[in-house]
Amino acid sequence: PKRAKSNSKTMSTPYPSQQQKKKGGNEPWRNKERHYCAICNAWMGSDRQSILLHENGKKHREAVEADLKKRRDDKAKKEKDQSDLEKVFAQVNAAAAGSGGG
C-alpha cells in the first residue's frame, strides 16, 4: 500500500490555537498585564517588584502625601461650609419665629 502525500497547504493543524499565535506568544515569562497607579497617573508592570519599586519611590510618596493633604483640606472646608449653612438657617428660623407672621 502506498501512502498518500500530505499537502501542507490544505492540511489543518489539530489545535486551532497553533494557527492563531499572537506576537510574543511563546514568551510565557512576559506578562501582558499592567498596573495603574491612580495617584501618580502612571502605568507599570503588574509584577510585585515593579509595584513595590514604584510605591517606595520618592515621587509616589510625595504624591500620596499631597493627595492625603488635599483630601483633609477638602473635608475640613466641606464641614466648615456645612456648619456655616446651619448657622444661617438657625438665624433665618429665629428671625421668622421672632416676626410672628400675624
Side-chain angles (χ1 to χ4, degrees):
K2 287 187 175 180
R3 280 190 172 173
K5 288 185 180 179
S6 64
N7 188 350
S8 62
K9 290 181 184 176
T10 60
M11 195 169 180
S12 64
T13 61
Y15 306 106
S17 62
Q18 288 179 346
Q19 292 174 344
Q20 301 168 355
K21 266 193 175 178
K22 294 179 181 175
K23 187 176 182 182
N26 60 348
E27 301 172 2
W29 61 88
R30 197 172 207 195
N31 193 351
K32 307 284 186 293
E33 295 178 18
R34 306 290 282 164
H35 176 77
Y36 178 71
C37 176
I39 295 172
C40 300
N41 190 26
W43 288 93
M44 67 207 75
S46 64
D47 58 295
R48 183 181 175 96
Q49 185 178 4
S50 295
I51 294 170
L52 287 175
L53 183 67
H54 170 74
E55 289 177 348
N56 293 326
K58 184 180 177 184
K59 284 184 180 180
H60 178 78
R61 285 184 283 141
E62 288 174 354
V64 168
E65 284 299 317
D67 185 57
L68 288 174
K69 183 180 184 316
K70 182 180 180 290
R71 287 180 188 216
R72 281 191 295 264
D73 293 346
D74 289 348
K75 184 178 179 182
K77 184 180 184 303
K78 188 176 181 181
E79 288 173 354
K80 183 181 180 299
D81 289 347
Q82 184 66 29
S83 94
D84 290 348
L85 190 62
E86 288 172 2
K87 286 179 186 176
V88 168
F89 282 143
Q91 290 174 353
V92 167
N93 288 337
S99 69

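Atoms considered below: every heavy atom in the structure, side chains included; atoms not considered: hydrogens, waters and symmetry mates. Position 1 is the first residue of the sequence, and the numbers go up from there.
Listed by first and then second residue, the salt bridge (charged side-chain N to carboxylate O under 4.0 Å, His left out) pairs involving residues 80-94 are K77-D81, K80-D84 (not counting sequence neighbours). Legend: ring pair (Phe, Tyr, Trp, His ring centres under 6.0 Å) pairs involving residues 60-92, not counting sequence neighbours, sorted by first then second residue: H54-H60. Note on residues 62-81: no pairs pass ring pair (Phe, Tyr, Trp, His ring centres under 6.0 Å), not counting sequence neighbours.
Every residue two or more places apart in sequence or in another chain was checked for a salt bridge (Lys or Arg N to Asp or Glu O under 4.0 Å) with K75, and none qualifies. Residues passing the side chain to side chain donor-acceptor pair (under 3.5 Å) test with N56, sequence neighbours excluded: none.
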Cut-off 3.5 Å, no hydrogens considered: what does the side-chain donor-acceptor table look like for residues 63-71, sequence neighbours left out?
unit_1 : atom_1 : unit_2 : atom_2 : d
D67    : OD2    : R71    : NE     : 3.1
K69    : NZ     : D73    : OD2    : 3.1
K70    : NZ     : D74    : OD2    : 3.3

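Interatomic distance, D47 CG to R34 CZ, rounded to the nearest 0.5 Å: 9.0 Å.
Side-chain contact check for M44 versus C37: some heavy-atom pair is nearer than 4.5 Å.
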